[in-house]
Visitor: 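Got a structure for you, written out below as structure tokens; questions coming shortly.
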Amino acid sequence: MNRLSSPRALALRIGLVAALLVLALVGLLVREDRARASGQEVRLAMEAVDPRSLLSGHYAALQLTQTLPRGRDCPPDLEAHFEGDDSWVALSPGPDGVHQVTGAGATRVAALSHGPVVVRGQAQCRRAFAEPPREPVDGVPPADDRPRETVVTLDIGVDRFYADQEEAEALEAALRQQGQVAAPPAFAIVSIGRDGRARLKGVEVGGVRADLNWF
């Protein structure tokens, strides 16, 4: 029997391949952790979206969404992502320390004209009525002068926070209160690297912060 095809040699080769894969995975985690730690940290408003999927593990699904003050228009150049695969979104810090979308661009330089921090991704803006329709008076429809609110949704690849089941369910329950008067403020803590990529560092709900920890 060929020594290279013996059971012991086969087991040894399988073990070596497995060890190399483990080392590669650890190296990837280390590089990502260093990039996350060295990037610029920003706080972005968020809310919950789809329920937690047991097929993908325990996580809270997040959506980075900000509601602009009434009367404010959509940030400029948000349609820049239609011009190519590489698009950037500009962020500017508000007086409360939370960064907001202030524009976009097809290139990093173009996006920097709208804000001091830029990240790879795209943003969409929509305007919706802030109040339900009013009832007709004497059969006459009222003038539709309801106030509108402008909502900006940010897509930078940050959409899930993995945690154990109890922590994920508690976080998701708190996030689903967003939009209610008594809901605690919720933020995603994001690191933006030199490459413009966003990496989730943690979340903050009601002033309580929970950081990702892979090690």
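Residue numbers start at 1 and run along the sequence shown. Values below: every heavy atom of this structure, side chains too, minus hydrogens, waters and symmetry copies.
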Visitor: What are the two closest non-hydrogen atoms of Trp88 and Val118, and how far apart are they?
Guide: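 Trp88 and Val118 have their closest heavy atoms at CE3-CG2, 3.9 Å.
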
Visitor: Going by side chain to side chain contact (heavy atoms under 4.5 Å, CB included), name the residues that satisfy it together with Pro116, two or more places apart in sequence or in a different chain.
Guide: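 So Pro116 forms a side chain to side chain contact (heavy atoms under 4.5 Å, CB included) with Ser92, Pro93.
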
Visitor: State, with a plain yes or no, whether a side-chain heavy atom of Pro76 is found less than 4.5 Å away from one of His114.
Guide: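 Counting from C-beta outward, Pro76 and His114 do come under 4.5 Å.
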
Visitor: Could you report the tightest heavy-atom contact between Ala90 and Ala111, atom names first, then the distance?
Guide: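 Shortest heavy-atom separation between Ala90 and Ala111 comes out as CB-O, 3.2 Å.
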
Visitor: Under the side chain to side chain donor-acceptor pair (under 3.5 Å) rule, collect the residues that match up with Thr65, sequence neighbours excluded.
Guide: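 So Thr65 forms a side chain to side chain donor-acceptor pair (under 3.5 Å) with Gln63.
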
Visitor: Suppose we screen for side chain to side chain contact (heavy atoms under 4.5 Å, CB included). Which residues come up paired with Gln100, at least two apart in sequence or across chains?
Guide: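 Side chain to side chain contact (heavy atoms under 4.5 Å, CB included) check on Gln100 returns Gln66, Arg72.
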
Visitor: Just how far is it from atom OG1 of Thr153 to atom CE of Met46, taken to the nearest 0.5 Å?
Guide: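 Output value for this atom pair is 14.5 Å.
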
Visitor: Mind checking whether Leu62 and Val203 have side chains closer than 4.5 Å, heavy atoms only?
Guide: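 Side-chain contact under 4.5 Å: yes.
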
Visitor: Run Leu78 and Val101 through side chain to side chain contact (heavy atoms under 4.5 Å, CB included) and show every step you take.
Guide: CA-CA 9 Å; Leu78 295 189; Val101 176; 4.0 Å; yes

Visitor: So, using salt bridge (Lys or Arg N to Asp or Glu O under 4.0 Å) as the criterion, who are the partners of Asp195 when residues are at least two apart?
Guide: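 Residues passing salt bridge (Lys or Arg N to Asp or Glu O under 4.0 Å) with Asp195: Arg199.
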
Visitor: Find the distance between CD1 (Ile192) and CG (Leu91) and round it off to the nearest 0.5 Å.
Guide: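 Those atoms lie 5.0 Å apart.
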
Visitor: Considering residues at least two apart in sequence or located in another chain, which fulfil the side chain to side chain donor-acceptor pair (under 3.5 Å) criterion with Arg209?
Guide: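 For Arg209 the side chain to side chain donor-acceptor pair (under 3.5 Å) partners, ignoring immediate neighbours, are Glu41, Asp211.
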
Visitor: Side chains of Val117 and His99: does their closest heavy-atom pair fall under 4.5 Å?
Guide: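 Counting from C-beta outward, Val117 and His99 do come under 4.5 Å.
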
Visitor: Are Asp73 and Thr150 side-chain neighbours, meaning at least one heavy-atom pair lies under 4.5 Å?
Guide: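 No, every pair of side-chain atoms sits at 4.5 Å or beyond.
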
Visitor: For Ala198, which residues count as a side chain to side chain contact (heavy atoms under 4.5 Å, CB included) partner, sequence neighbours excluded?
Guide: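 Only Val119, Ile156, Val158, Val190 meet the side chain to side chain contact (heavy atoms under 4.5 Å, CB included) criterion with Ala198.
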
Visitor: Hey, could you give me each pair passing salt bridge (Lys or Arg N to Asp or Glu O under 4.0 Å) that has a residue in residues 112-124? Not counting sequence neighbours.
Guide: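 For residues 112-124, and leaving out neighbouring residues, the salt bridge (Lys or Arg N to Asp or Glu O under 4.0 Å) pairs sorted by first residue read Asp86-Arg120.
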
Visitor: Tell me every residue that passes side chain to side chain contact (heavy atoms under 4.5 Å, CB included) with Arg43, counting only those two or more places apart in sequence or in another chain.
Guide: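 In terms of side chain to side chain contact (heavy atoms under 4.5 Å, CB included), with neighbours along the sequence ignored, Arg43 is linked to Val98, Phe187, Ile189, Glu204.
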
Visitor: Side chains of Val152 and Pro75, heavy atoms from C-beta outward: is any pair under 4.5 Å?
Guide: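 A side-chain contact exists here, since the closest heavy-atom pair is under 4.5 Å.
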
Visitor: To the nearest 0.5 Å, how far apart are OG in Ser87 and CG in Asp155?
Guide: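 Nearest 0.5 Å value for the OG-CG distance: 9.0 Å.
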
Visitor: Residues sharing Val109's hydrophobic cluster, by side-chain heavy-atom contacts under 4.5 Å among ILVMFWY, directly or via others?
Guide: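 Other cluster members: none.
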
Visitor: Sequence neighbours excluded, which residues qualify as salt bridge (Lys or Arg N to Asp or Glu O under 4.0 Å) partners of Arg126?
Guide: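 Applying salt bridge (Lys or Arg N to Asp or Glu O under 4.0 Å) to Arg126 gives none.
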
Visitor: Any salt bridge (Lys or Arg N to Asp or Glu O under 4.0 Å) pairs touching residues 105-115, not counting sequence neighbours?
Guide: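 Residue pairs with at least one partner in residues 105-115: there are none.
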
Visitor: Do Ser113 and Asp77 have side-chain heavy atoms sitting under 4.5 Å apart?
Guide: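 With C-beta onward as the side chain, the pair stays apart.
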
Visitor: How close do Leu200 and Ala188 get, counting heavy atoms only, and between which atoms?
Guide: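 Shortest heavy-atom separation between Leu200 and Ala188 comes out as CD1-CB, 4.1 Å.
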
